[in-house]
2 protein chains.
Amino acid sequence: MGLIETRILTDHVYETIKLMIRDGALRPGAKINKKELESQLGVSQTPINDALSRLAGQKHIEQRNRRGYFVRKYSCKELVDLFAARGAVEGMATRLAVENASDAEIEQITHFFAEVSFPLSEAAYHAYERTDREFHSLLIEYSRNAIIQEMNEQFGYIVRTATTGLVRPPDETIGEHRAIIAAIRDRNARLAGELMTEHHLRSRDVLVKDCRD
Amino acid sequence: MGLIETRILTDHVYETIKLMIRDGALRPGAKINKKELESQLGVSQTPINDALSRLAGQKHIEQRNRRGYFVRKYSCKELVDLFAARGAVEGMATRLAVENASDAEIEQITHFFAEVSFPLSEAAYHAYERTDREFHSLLIEYSRNAIIQEMNEQFGYIVRTATTGLVRPPDETIGEHRAIIAAIRDRNARLAGELMTEHHLRSRDVLVKDCRD
DNA sequence: TGTTTCGATTTTGTATACAAAAATGACAAT
DNA sequence: ATTGTCATTTTTGTATACAAAATCGAAACA
């Protein structure tokens with residue numbers, strides 16, 4: 001690689017594979033071909049194996065005895081479960097954020113979703129998606145809770161790989177988002193947290209219907 | 001190393017090291033000596049490296065560039081954060097458990113902490129500790145939420161390694177435990193969940209005081 | 001006593017080797 | 001067409017090798 005090796009090879013391989021999973025180059029359930037990665041990345045078996053073990057530790061991939069590594073595939077039920085878990089974690093994150101954030105940070109959050117008006121153009125729809133992501137990750141950041149942030153890193157990405165776009169349309173979620181923001185503005189930590197939890201649980205309800213049980 | 005190799009060596013090494021961390025044979029902050037593990041477990045570098053990478057993926061240990069692996073050491077702040085996170089996750093677990101559990105399972109939960117009376121003998125104190133652990137993990141099991149269960153596996157063990165015994169004395173927590181159980185018996189999912197969350201947040205408040213900030 | 005220097009030793013990160021298991025695929029028999 | 005057999009190829013899990021970096025320790029110095 002570069003002349004100055006700042007990171008070890010394993011780290012590089014690890015992040016490359018992680019991105020390949022997130023961007024769909026490696027699809028859920030797909031077998032991971034080590035030899036291919038080897039020549040593709042120009043490294044030996046060892047860093048590949050290390051990176052794969054690391055990913056297996058994070059359960060992003062799974063090792064099946066004597067047949068190699070496979071990209072983890074989430075069942076419909078697991079996705080439903082994910083939204084309940086996210087509801088719990090982000091609810092608490094929101095509550096803590098309201099308790100800890102500075103006035104300026106609260107002010108900043110207030111501006112999210114301020115100028116959304118319907119009907120949404122194609123571009124505005126995508127902007128809504130982006131704002132949604134930023135809103136949620138900002139609250140997790142402002143929670144200042146290292147464990148919650150770790151949980152989000154571990155489990156938050158699943159939504160990106162396993163679902164496409166928004167679970168519910170903007171005209172259904174905008175009201176909830178604005179209610180959460182109002183509670184944040186009022187520094188009502190408990191209420192803001194509860195609203196966030198219910199927000200996710202409502203998305204969960206939508207996903208449950210899509211599951212063939 | 002039996003005649004029939006049912007698990008791969010890496011799995012065996014992984015679990016051995018994990019236990020060594022949980023039982024304190026490898027203390028937080030300690031450097032992990034690969035060569036030593038090699039001869040101790042009678043395997044080559046490779047399975048050791050794979051197991052260590054796996055543990056690093058789970059953040060149980062951390063890899064410092066060119067100086068090896070170290071058992072992760074949790075700061076006081078991180079422990080405080082852990083209890084807020086647990087409050088969120090177990091609160092939701094409790095809520096889901098009440099929604100999903102059968103009558104028999106609810107009945108079973110009702111018996112926890114039933115015959116605790118004060119003052120506690122040494123033995124009764126340890127029994128209380130055990131009941132506490134069982135109570136919490138049973139609720140997580142009965143939540144039937146795979147993601148929450150995974151989160152608990154990843155993060156729940158930290159309490160074992162980083163704290164000794166109970167954070168608060170039984171005579172302080174017994175009331176909270178019984179209130180949670182009462183809400184569960186009444187099938188009041190929301191209330192039971194909230195009480196569980198507050199239960200953990202109160203332990204968190206105790207830990208905050210121990211932190212020199 | 002307490003530092004600093006510097007060579008010897010250990011450990012790390014990476015590469016390579018290889019037996020055994022699994023996947024593949026051509027061919028034969030239904 | 002489907003199924004079964006079995007030799008060939010690929011891949012896996014594990015072991016070993018090795019240059020470069022980090023650590024250690026003793027000697028030299030303050």
Side-chain angles (χ1 to χ4, degrees), chain A residues 1-21 25-73, chain B residues 1-21 25-73:
Chain A
M1 300 278 105
L3 293 173
I4 302 160
E5 294 280 346
T6 162
R7 283 182 309 175
I8 61 181
L9 279 184
T10 303
D11 288 345
H12 174 238
V13 175
Y14 165 78
E15 274 167 35
T16 305
I17 299 176
K18 204 167 152 191
L19 282 179
M20 290 203 285
I21 294 173
L26 288 171
R27 326 204 130 260
K31 184 178 190 321
I32 293 175
N33 190 326
K34 294 204 249 178
K35 199 80 66 174
E36 204 175 303
L37 283 172
E38 236 176 274
S39 52
Q40 211 168 310
L41 302 177
V43 298
S44 78
Q45 297 170 32
T46 315
I48 305 264
N49 277 323
D50 287 353
L52 291 176
S53 293
R54 198 135 111 206
L55 287 161
Q58 299 181 174
K59 309 265 191 120
H60 292 165
I61 64 181
E62 56 181 322
Q63 187 172 20
R64 291 212 269 275
N65 210 319
R66 271 281 166 198
R67 41 193 77 183
Y69 292 91
F70 297 80
V71 180
R72 178 160 174 191
K73 199 173 182 171
Chain B
M1 258 123 283
L3 294 173
I4 301 161
E5 295 279 348
T6 161
R7 282 183 308 175
I8 61 182
L9 279 184
T10 303
D11 288 345
H12 174 239
V13 175
Y14 165 78
E15 274 167 35
T16 305
I17 300 176
K18 204 167 152 192
L19 282 178
M20 290 202 285
I21 294 173
L26 288 170
R27 326 202 129 259
K31 182 174 190 326
I32 293 174
N33 190 326
K34 293 203 251 179
K35 199 81 65 175
E36 203 176 302
L37 283 172
E38 236 176 273
S39 51
Q40 212 168 308
L41 302 177
V43 299
S44 77
Q45 298 170 31
T46 316
I48 306 264
N49 276 324
D50 286 352
L52 290 176
S53 294
R54 198 135 110 204
L55 286 161
Q58 298 180 172
K59 309 264 191 122
H60 292 166
I61 64 181
E62 56 181 322
Q63 187 172 20
R64 291 212 269 275
N65 210 320
R66 271 277 166 200
R67 42 193 76 181
Y69 292 91
F70 298 79
V71 180
R72 177 161 176 190
K73 199 174 183 171

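All values below were derived from every heavy atom in this structure, side-chain atoms included, with hydrogens, water molecules and symmetry-related copies excluded. Treat the numbers as computed from the prediction; the structure is a model and nothing was measured. First the proteins, then the strands, lettered A, B, ... as listed; each starts at 1.
If B:Gly68 and A:Arg66 are placed on DNA chain C by their nearest nucleotide, the residue sitting closer to the 5' end is B:Gly68.
Side chains of B:Arg54 and B:Asp11 form a contact here, defined as non-hydrogen atoms less than 4.5 Å apart.
Atoms CD and CG, from B:Gln58 and B:Leu55 in turn, are 6.0 Å apart once rounded to the nearest 0.5 Å. Taking OG1 of B:Thr10 as the start and CD of A:Gln63 as the end, the distance is 6.5 Å to the nearest 0.5 Å. Between the NZ atom of A:Lys31 and the OH atom of A:Tyr69 there is a distance of 10.5 Å, given to the nearest 0.5 Å.
When rounded to the nearest whole Å, the span between CZ of A:Phe70 and C1' of C:dA23 equals 11 Å. Regarding B:Lys34, its NZ atom lies at a distance of 14 Å from the P atom of D:dT23, rounded to whole Å. For the pair A:Leu9 CG and D:dA21 C1', the computed distance is 15 Å after rounding to whole Å. Atom C1' of nucleotide D:dA21 and atom CD of B:Gln63 are separated by 14 Å, given to the nearest angstrom. In this structure, B:Leu37 atom CG and D:dA15 atom P are separated by 14 Å, rounded to whole Å. Across the protein-nucleic acid pair, B:Arg64 atom CZ and D:dA22 atom P stand 13 Å apart, rounded to whole Å. With rounding to whole Å, A:Ile8 atom CD1 is found 9 Å from C:dT12 atom C1'. Taking atom CG of residue B:Asn33 and atom C1' of nucleotide D:dA22, one finds them 14 Å apart after rounding to whole Å.
Between C:dT10 and B:Lys31, no contact under 4.0 Å exists linking OP1 or OP2 to a side-chain N or O. Contact annotation: B:Thr10 does not reach the phosphate of D:dG13 (side-chain N/O to OP1 or OP2, under 4.0 Å).
Within 4.0 Å of B:Glu36, counting heavy atoms only, lies no atom of the nucleic acid at all. Counting non-hydrogen atoms under 4.0 angstrom, B:Glu38 reaches nothing in the nucleic acid.
The stretch residues 44-57 of chain A touches DNA chain C through A:Ser44, A:Gln45, A:Thr46, A:Pro47, each having a heavy atom under 4.0 angstrom from the strand.
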Evaluation steps, side-chain contact (heavy atoms from CB on, under 4.5 Å), between A:Leu37 and A:Met20: CA-CA 11 Å; A:Leu37 283 172; A:Met20 290 203 285; 3.3 Å; yes
Verdict with supporting geometry, B:Thr16 and B:Gln40, side-chain contact (heavy atoms from CB on, under 4.5 Å): CA-CA 11 Å; B:Thr16 305; B:Gln40 212 168 308; over 6 Å; no
N/O donor-acceptor pairs under 3.5 Å from side chains in residues 44-52 of chain B, not counting sequence neighbours:
unit_1, atom_1, unit_2, atom_2, d
B:Ser44, OG, B:Thr46, N, 3.4
B:Asn49, OD1, B:Lys34, NZ, 2.8

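Axis angle across the helix from C:dG2-D:dC29 to C:dT30-D:dA1, with five pairs used at each end and values rounded to 10°: 20°.
Taking only side-chain atoms of A:Lys35, from C-beta outward, the nucleotide of C:dT14, D:dT14, D:dT11 with the closest atom is D:dT11.
The two residues B:Lys59 and B:Arg72 come nearest to each other via the heavy atoms O-CD, 3.1 Å.
Annotation for A:Lys73: atom NZ does not count as buried by contact number, only 12 or fewer foreign heavy atoms lying within 6.0 Å.
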